[in-house]
Structures are given as structure tokens and as C-alpha cells.
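Worksheet: one structure, shown below.
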2 protein chains.
Amino acid sequence: MKTFEQLSERQRKMLRFMSGYVNSQGYPPSIREIGDAAGISSTSVVNYNLNKLVQAGFLGRQQRVSRGLRLLKEIPGMILAQGVSGEGPQFPIPLLGRIVASEPVPVPEEALVEDHVDVPAAWLQQEDPSDIFALKVHGDSMIDAMIQDGDTVLLRRQPYADDGDMVAVWLLDRDETTLKHFYAEGKRIRLQPAHPMMDPIYVDAEQLLIQGKVLHVLRALH
Amino acid sequence: MKTFEQLSERQRKMLRFMSGYVNSQGYPPSIREIGDAAGISSTSVVNYNLNKLVQAGFLGRQQRVSRGLRLLKEIPGMILAQGVSGEGPQFPIPLLGRIVASEPVPVPEEALVEDHVDVPAAWLQQEDPSDIFALKVHGDSMIDAMIQDGDTVLLRRQPYADDGDMVAVWLLDRDETTLKHFYAEGKRIRLQPAHPMMDPIYVDAEQLLIQGKVLHVLRALH
DNA sequence: GCGAAATTCAAACATTTGTTCCTGATGGCA
DNA sequence: TGCCATCAGGAACAAATGTTTGAATTTCGC
């Protein structure tokens, strides 16, 4: 784990380029594009330095996936853009998305009204605020996760999970997002409802995308 | 330029998948990955529909670039980065103690104040801070109220309740405190668990003491 | 200086992945 | 019915892209 300043000039240059590229293009650059930008003629050298950046904790990398890069830290002098880009304001997109997309359920635009949640700073602790987001839960389909209609959940964006974590997962075969406790059992994933009366569901590891880990649940009653 | 609802179900499914994928992976999916997720066996069909989405203004596409996709509009259910502010005025609320079966809610005495929880002032609105207190829930006996072990509940001290309120009540005959939704039915009181699968319990109005009304439920995971 | 480790380089290789072509199915419409 | 536009499927193709290999060069501690 190095700091940005401890990286080589070449590595910093690569990071700056990747950040700007993702920000402007919406997808990460290829190895050769990085090489061109950083003045590196050999793809292996780019590859070498990318691995160094992964090692330093700045980069996430998916092997054998083209453009399978993801920035993990904020880089000095760069705006880290997430979410929708290309239209409208780039940065303050404070809004609570809907979870439980499942099927049609047309959502009126009002449901996407921008809003934000005030949270005690102490709750975030050492979290990177740019990775924290909130979702408003609609409907009672999360009831087996002890979460009900109107609850707000605070999540940290991350594509992985540890056993026992409550995570927001996208079930590819069911085409819906749900909140469950995560347990890896070999290639099979067990999604355990928080409510002990409910049975777990099992899905193939390939059949789900982890969207984030739930850190807090907030419920306001009236 | 179509609206989200005017797209075909298949196209909506593709969009939802792309949104979730980018959010969790950090880079867009490949054509084949989209096909797998949307149940499309042919890459040309995916390609066809991607072009339709471009035409509809939902998608930006870079020809000949792998994963050269970018979402241009917000779609229902998508998760966006968002604003969680750790700033702003905070209010310290005394944490009185634990609520456990067979023990009454403690009375506010300085000596009993074990700790306090910080809460955004905005949550309290026009409440009188001196009437607000917090309890830490111990055990799973409140699970039928959608509250679990470790949760912190924020309450306003009051001896009455309106229908539908979630209240902390002391059941004289059972000699225990519990959290339930309150409904007055003549001289009989119906205490309705928040979980729809659970049956309500009925008690005589003389047999319970309302200790306070629940305003918020806070749950920190891990 | 010397040697080991780190870094760079060029080139070939293996996959991934976007693109294209052809065929078939379906649904309006005259 | 027959025509035509839309949409779907399968396969082959070509380009983009990540990976590996072997050697050259630089860096750094002793």
C-alpha cells in the first residue's frame, strides 16, 4: 500500500490518464491506449505497471477482461465520476435510487427526485465518502431481510463480499435486485434472509452481481 | 427518443443489466455478457438491440471498441452514486440502556445514561430534545416488529399513542416490554407486529403502559 | 565494481469481442 | 395472398486486446 506520491512518475501518469479517460469516455482504456498516453511502446510494460498499481491498492483488475480496470482510490487533482455520465450535472447526483427493480413496475420520475441523507460523520468512520451511497427501499419484498417499505439503506459500493455481509445483489436469472446475507459455498452462493423463518436461496456465482455492502439501515416512523 | 417504458422488455432488461454491471464492476459488459444476462443466444441480436438503444438515446456507443458503452440516461432502479453528508449539526441523544424482555424501560436518570448516539438535527425536526431518548435492543424478541438484535431505536417519551404508531409498551400481565404497532379497538388494544406473517396480540387497555413512541430505527451492520 | 532485483522492450500468441452475412420467424398492410 | 419491415438466431470473420516469453537495460545495495 503506497501513497500516490510514492508511485513512479510513469505510474502516476497512467493513473491520471485512466481517471480522465473513464471520466470522459465512460469506460476504461485498453492496455495499448494507456501505453500510447504514457509514452510506453510495449504492452508488457503497461501490464507490468498495472500490476504494480493493483499491488499498491490503486487499481482493481479483472483478468482476461478487456478494459477490466477500476480505480479504487481518489487521485489528486482528478474528479472521480461515478454513475451516469454524459448528460446533466456530473457530480452532485444525490439521489436515492429504487431497489427491487424486478419487472416492469414503471417508476415515475418523481421517484428519482434528488435527495440526500444526513448521516453522522462518526458512522462513516474511515470510509471513503465517494463510495458510500444510499438507497430507498420500496415495497415489502425485502421483508425477509428485516427491511421494510420506506427504509433507507446505506451501502458501500463494492463488487465482492465476505461471508455474513448483507449485500445488495443483482440476480441475473431473476432479473431483480435484492438484499440478503451473503455466504459463499464453493461455486454456489447462499443468500440467507435475515429473518430466521425464511429459507435461503441458492444461486450460481455467475448468476449474481454484487452491487454493494449494506452498512446501515435507517427507518423513520411517523 | 423514446421513454424507458416505450422500450421493449428485452431492451429494458439489457439496460438494467448494464447499469448494474457498470455499478458493480466499474466497466461496461461485453456483448456476450449482455446476451447471457438477457437470455439472448446470438450476439447479433444483442448488437441489434444495442443499436436500438443508441437510437432511443439511452446509450452511447464507441464502434469497434470492446465494452465501449456508456449510459446516457437515468433508468428506474439503477443505483447512482450519491450524496451522503457527514457534515451538518448533530444532536447527542442519551442512550438509556437496553430493552429486554421482562424488564421495564428505564426512567431517565442521569445515572442511567450509559452512552449517547449522535443524530442529525434534521431528524428531530420540531421535537423537544429533552423528550427524546434511545434504546439499544437486546435479543431477538422484537423480531416480529422488524427490529433485530443490536438495533438502536429512537423514541419520544409519551404515555399515549395513535393508531398505527410503533410504541414501546410494558405488558403488565406478561411482565415484559416489547415494540409493536398500536391500534385501539374499544377497551381492547391490538398490538400488530410489523411483520405481516405474524399474528397480532390483544390486551386489555388496563394491562399495558405505553412508554414511548418509536421515531427511528438505526441499524449498523458489522 | 558487481550481482541481484526491478524495469523496459519487442514480438509473438491466445482470447476476447465487435462485426457481418445469411436464414428464418413474425406482424402489419394493401 | 403477397410484400415488406422488424426482430431473432447461428455461424464465421476480423479486429481489438490481454498474456506470455526471452532478452536488454537500468537501478540499487554491498
Side-chain angles (χ1 to χ4, degrees), chain A residues 1-15 17-18 21-22 24-72 159 172 175 206 209, chain B residues 1-15 17-18 21-22 25-72:
Chain A
M1 286 296 165
K2 294 184 175 181
T3 68
F4 185 75
E5 288 72 24
Q6 288 174 317
L7 300 173
S8 73
E9 175 54 36
R10 177 168 268 181
Q11 288 162 3
R12 288 197 296 270
K13 192 167 186 175
M14 287 169 59
L15 274 181
F17 170 70
M18 287 186 277
Y21 191 102
V22 171
S24 66
Q25 300 301 117
Y27 49 83
S30 69
I31 282 186
R32 285 172 180 77
E33 286 172 328
I34 296 172
D36 290 343
I40 303 173
S41 61
S42 173
T43 58
S44 66
V45 177
V46 176
N47 184 61
Y48 173 85
N49 284 286
L50 283 179
N51 288 332
K52 286 295 177 184
L53 288 173
V54 170
Q55 194 178 328
F58 279 85
L59 208 61
R61 215 178 160 191
Q62 197 65 26
Q63 298 290 53
R64 307 161 157 266
V65 169
S66 60
R67 300 169 193 269
L69 306 172
R70 136 173 259 176
L71 296 174
L72 296 179
L172 295 181
D175 194 34
E206 308 293 328
L209 289 177
Chain B
M1 288 294 163
K2 293 184 176 182
T3 68
F4 185 75
E5 288 71 24
Q6 289 174 318
L7 299 173
S8 72
E9 173 53 32
R10 176 167 269 182
Q11 288 162 3
R12 288 197 296 271
K13 191 167 187 175
M14 288 170 60
L15 274 182
F17 170 70
M18 286 185 276
Y21 191 102
V22 170
Q25 301 301 117
Y27 48 83
S30 69
I31 283 187
R32 286 172 180 77
E33 287 172 327
I34 296 172
D36 289 342
I40 302 173
S41 63
S42 175
T43 57
S44 65
V45 176
V46 176
N47 185 61
Y48 172 83
N49 284 287
L50 283 179
N51 288 332
K52 287 294 179 185
L53 288 173
V54 171
Q55 191 178 329
F58 279 86
L59 207 60
R61 222 182 152 185
Q62 197 64 32
Q63 298 291 49
R64 304 161 160 271
V65 169
S66 62
R67 300 168 191 268
L69 306 171
R70 117 182 277 178
L71 296 173
L72 296 179

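Heavy atoms only: backbone and side chains are in, while hydrogens, waters and symmetry mates are out. Proteins get letters first, then strands, A, B, ... in listed order; numbering begins at 1 in each.
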Open item on the list: Tell me the interatomic distance from Asn51(A), atom CG, to dT20(D), atom P, rounded to whole angstroms.
Closed with: 9 Å
- [ ] Would you tell me if any nitrogen or oxygen in the side chain of Gln63(B) comes within less than 4.0 Å of OP1 or OP2 on dG18(C)?
- [x] no
TODO: Nearest whole angstrom, please: distance from the P of dA6(C) to the NZ of Lys52(A).
DONE: 6 Å
Open item on the list: What is the distance, to the nearest angstrom, from the CG atom on Asn49(A) to the C1' atom on dA6(C)?
Closed with: 11 Å
Task: Donor-acceptor pair under 3.5 Å, Ser42(A) side chain vs dA10(C) base - done: yes
Open item on the list: Can you tell me if Asn47(A) touches the phosphate of dG18(D), counting only side-chain N or O atoms and a distance under 4.0 Å to OP1 or OP2?
Closed with: no
TODO: Scan Thr43(B) against the nucleic acid and name what it touches under 4.0 Å (heavy atoms): base, sugar-phosphate only, or nothing.
DONE: base
Open item on the list: Does anything in residues 32-39 of chain A come within less than 4.0 Å of DNA chain C? Heavy atoms only, and list the residues if so.
Closed with: none
Task: Closest-nucleotide ordering on DNA chain D, the 5'-leading residue of Gln11(B) and Ser66(A) - done: Gln11(B)
TODO: To the nearest Å, give me how far apart CZ (Arg10(A)) and P (dA6(C)) are.
DONE: 17 Å
Open item on the list: Over all strands shown, is Ser44(B) touching base, sugar-phosphate only, or nothing at heavy-atom distances under 4.0 angstrom?
Closed with: base
Task: Protein-nucleotide distance (Leu69(A), atom CG; dT19(D), atom P), rounded to Å - done: 10 Å
Task: Exam field: side chain Arg12(B) to backbone Leu7(B), donor-acceptor pair closer than 3.5 Å - done: yes
